[in-house]
Every structure is written in structure tokens, then in C-alpha cells.
S.K.: 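One structure, as C-alpha cells, below. Some questions next.
Order of appearance sets the numbers: ligands from 1, and atoms from 1 within every ligand. Keep in mind that what you see is a predicted model, and the values were worked out from it rather than measured.
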Amino acid sequence: MRFDIVTIFPEFFSGPFEHGIIRRAKDARIVDIDVHDLRSWTSDRHHVVDDRPFGGGAGMVLKPEPLVNAVESLRLPSEGGRAVVVLTTPQGKLFDQREAERLASFDQVVLLCGRYEGVDERVVNAVVDEELSIGDVVLSGGELAACVVVDAVVRLLPGSLGCDRSAIEDSFSASTGLLDCPHYTRPAEFRGVAVPDVLLGGNHAEIARWRRQQSLVRTWKRRPELLDAAQLSDDDIRFLDELKATTK
Ligand code: ADE
């Protein structure tokens, strides 16, 4: 899989992909991440990428020509695999685990980092397949959002994590739809707080049951709306009914 990131701040990306899982995935050629300076698709002497908005108002708008040229030169031809062009913007569809899983199925993701007051709407109409927002919060640009998208997708690629099971068990994964359970490591007691006994007992069925129930408790308390879409067993439903009946 490959990412092509188009930005006016290419140096922004010199750090985030040089650590941990992403670094290892790059070294193992599981993913290629190329960062491109939007200015290289300008044709004027000053490499201008933005201009004032028609109709007036504050801020600057990214011009259409450089972005459209960038996509047209970077997007793989259809025989090169499945490609998708994504614009990061607070106006986009909310990026979630399901979306990360979907993007992980493409051969190429071209990520356009939004900036300033926005991007000329004709870019969206001409070359953008999806507009994504990483949350209901306004960042100063799409670069951080692009990092979030790359990170969330790369860790899902086969071979990226040492152990492929842990991606499946993550919070929000399509397979559970629940928040993750709490985790503990040594020491068994820290500042007077002991690790739950069940985790020390070595009974794997009991441990799995406890973890599932903890996931249910957390999801119900923190993100109850997720339970509507989660796949729940009869045991889960019984447990939740009891929980609701015994908790104020
Ligand atoms: N650019 C600015 N804010 C953003 C957000 N929340 N998501 C994606 N891109 C953005």
C-alpha cells in the first residue's frame, strides 16, 4: 500500500512516521509514504498556492490548479490498483475505525491536507473522493489529521503489528464495536491498588469473560451509543440488563 501526502508543509512530516509501528511498516515495505510539496505543482515564479476568497471574508483559500495537478500526477492509473483521494477538512465525514478499515483496503491513498479558510470547492468536485474530519474540532491545518489517518490505517495492514490479533481486539474494531477493557502489568500491587484477582489466576476462560464484561461496563458508561451497533451475545445482554438494574 502507498500513501501520497500533498501539503504546503512537507517538513511537518519529517518526524511522525519515523517511530514505532509506522517506521517498522515502512522498513518492511508494507507501506510507502511519500510526502509532496504542493508548491511543486505551481507554474508561477512565486509558487503561489493560495488566494483571497471570492465574495470577501477573512483568510485565504487554496487554489484549484496546484491541487488538481497534484492529484492528476500522483493518482495511480486504474491498472496500478485501487486508489482513493482524501481531503482532510473539519467539514468532512467523521473518521472512525470503520473508515480506517475501509481505507486499508486500497492500494493507494492520496491525502490532500486542507489549509487556511479552505480549499477551492472545484477541487472537491473534480478530484476528491472523500472528505474526512478526525473529530468535531478545528485544527490549524489538515497535516495533523493526515498523520492520524496514516497511523490508524498503517497499523491495520497485515504484518504491521507484531501480533495481528491485537488490532482485531482494539477499541471500536468492527469485530467487537466495544471499548477495550482495562489492562494491567507488574507490579501486582501499586500504591495500595491490587490487580484484579481474576487476571492472576491463569484461568483463560474466566479472564476472557472478565475482559468482555469490563468492555461492556466501559462502553455502557462512556459511550452507550456504541452498544446499539455492537454484536452482543445473550450473555452480554443479560450482563448489561443486570448492570443497568444495579447501577444508578
Ligand atoms: N483540518 C482542520 N481541522 C480538521 C479536522 N478536525 N479534521 C480534519 N482536517 C482538519
Side-chain angles (χ1 to χ4, degrees), residues 1-17 19 21-22 31 33-42 48-55 57-71 74-75 83-106 108-157 170-174 179 222-223 225-226:
M1 177 177 196
R2 59 174 298 117
F3 283 91
D4 288 285
I5 302 175
V6 180
T7 171
I8 58 166
F9 294 130
E11 60 283 5
F12 186 97
F13 295 92
S14 54
F17 305 143
H19 310 276
I21 288 165
I22 301 193
V31 67
I33 306 172
D34 278 354
V35 178
H36 310 271
D37 189 342
L38 179 61
R39 290 186 177 81
S40 47
W41 284 281
T42 53
V48 174
V49 290
D50 60 348
D51 208 336
R52 286 170 309 179
F54 276 122
M60 299 289 268
V61 175
L62 287 179
K63 289 162 69 62
E65 303 93 327
L67 280 165
V68 169
N69 289 340
V71 171
L74 290 172
R75 194 186 168 113
V84 63
V85 179
V86 172
L87 172 69
T88 53
T89 161
Q91 279 74 49
K93 179 179 161 209
L94 210 55
F95 180 66
D96 61 10
Q97 193 63 23
R98 203 168 289 270
E99 190 63 26
E101 283 163 10
R102 220 175 63 72
L103 290 184
S105 71
F106 285 88
Q108 182 194 30
V109 179
V110 179
L111 270 171
L112 306 178
C113 302
R115 267 275 144 187
Y116 302 118
E117 288 309 294
V119 169
D120 189 292
E121 193 62 19
R122 290 165 294 183
V123 175
V124 178
N125 299 333
V127 293
V128 170
D129 300 311
E130 293 184 30
E131 296 174 88
L132 291 181
S133 166
I134 60 150
D136 290 337
V137 58
V138 180
L139 307 170
S140 49
E143 280 74 13
L144 264 176
C147 289
V148 169
V149 171
V150 170
D151 189 289
V153 172
V154 168
R155 60 192 299 289
L156 294 175
L157 300 177
D170 277 341
S171 286
F172 304 123
S173 80
L179 299 185
R222 298 179 185 183
R223 299 287 307 279
E225 79 283 4
L226 294 176

S.K.: Please confirm whether Asp136 approaches ligand 1 to less than 4.0 Å, judged on its heavy atoms.
M.R.: no

S.K.: Please check: side-chain N/O of Asn69 versus main-chain N/O of Glu65, any donor-acceptor pairing under 3.5 Å?
M.R.: yes

S.K.: Got a donor-acceptor contact below 3.5 angstrom from the Arg39 side chain to the Thr7 backbone?
M.R.: no

S.K.: Which of these, Thr88, Val148, Ile134, Leu94, has its nearest heavy atom closest to atom 7 (N) of ligand 1?
M.R.: Ile134

S.K.: Going by the rule side-chain contact (heavy atoms from CB on, under 4.5 Å), which residues pair with Val31 if we only count those two or more places apart in sequence or in a different chain?
M.R.: Phe3, Ala25, Lys26, Ile33, Val154, Leu157

S.K.: Can you find an N or O of Gly135 that's nearer than 3.5 Å to an N or O of ligand 1?
M.R.: yes

S.K.: For atom CG of Asp136, decide whether the heavy atoms of other residues, nucleotides or ligands shown that lie under 6.0 angstrom number more than 12.
M.R.: no

S.K.: What residue and atom, counting heavy atoms only, is the protein's closest point to atom 6 (N) of ligand 1, and at what distance?
M.R.: Val137 O, 2.7 Å

S.K.: Whether the side chain of Asp34 engages the backbone of Asp4 through a donor-acceptor N/O pair (distance < 3.5 Å, no angle test) should be reported.
M.R.: no

S.K.: Please determine whether side chain to side chain contact (heavy atoms under 4.5 Å, CB included) holds for the pair Val61 and Asp51, giving the CA-CA distance in whole Å, both sets of side-chain angles, and the decisive distance to 0.1 Å.
M.R.: CA-CA 5 Å; Val61 175; Asp51 208 336; over 6 Å; no

S.K.: Pull out every atom of ligand 1 sitting under 4.0 Å from any heavy atom of Gly141, numbered as shown with elements.
M.R.: 1 (N), 2 (C)

S.K.: Does Arg52 form a side chain to side chain contact (heavy atoms under 4.5 Å, CB included) with Met60? I'd like the steps, not just the answer.
M.R.: CA-CA 5 Å; Arg52 286 170 309 179; Met60 299 289 268; 3.8 Å; yes

S.K.: Considering both backbone and side-chain atoms of Ala145, is one of its nitrogen or oxygen atoms within less than 3.5 Å of a nitrogen or oxygen in ligand 1?
M.R.: no

S.K.: Suppose I only count heavy atoms of Leu132 and a 4.0 Å limit; which atoms of ligand 1 are within that range?
M.R.: 8 (C)

S.K.: What protein heavy atom is closest to atom 9 (N) of ligand 1, reported as residue, atom name and distance in Å?
M.R.: Thr89 N, 3.2 Å

S.K.: Any idea which protein heavy atom is nearest atom 3 (N) of ligand 1, and the distance to it?
M.R.: Leu139 N, 2.9 Å

S.K.: Does any non-hydrogen side-chain atom of Trp41 lie less than 4.5 Å from one of Val49?
M.R.: no

S.K.: With heavy atoms of Ser133 as the reference, note each atom of ligand 1 found under 4.0 Å away.
M.R.: 5 (C), 6 (N), 7 (N), 8 (C)

S.K.: Starting from atom 10 (C) of ligand 1, locate the nearest protein heavy atom and write down its residue, its atom name and how far away it is, to 0.1 Å.
M.R.: Pro90 CD, 3.5 Å

S.K.: If you measure every N/O of Ser140 against every N/O of ligand 1, is any gap under 3.5 Å?
M.R.: no

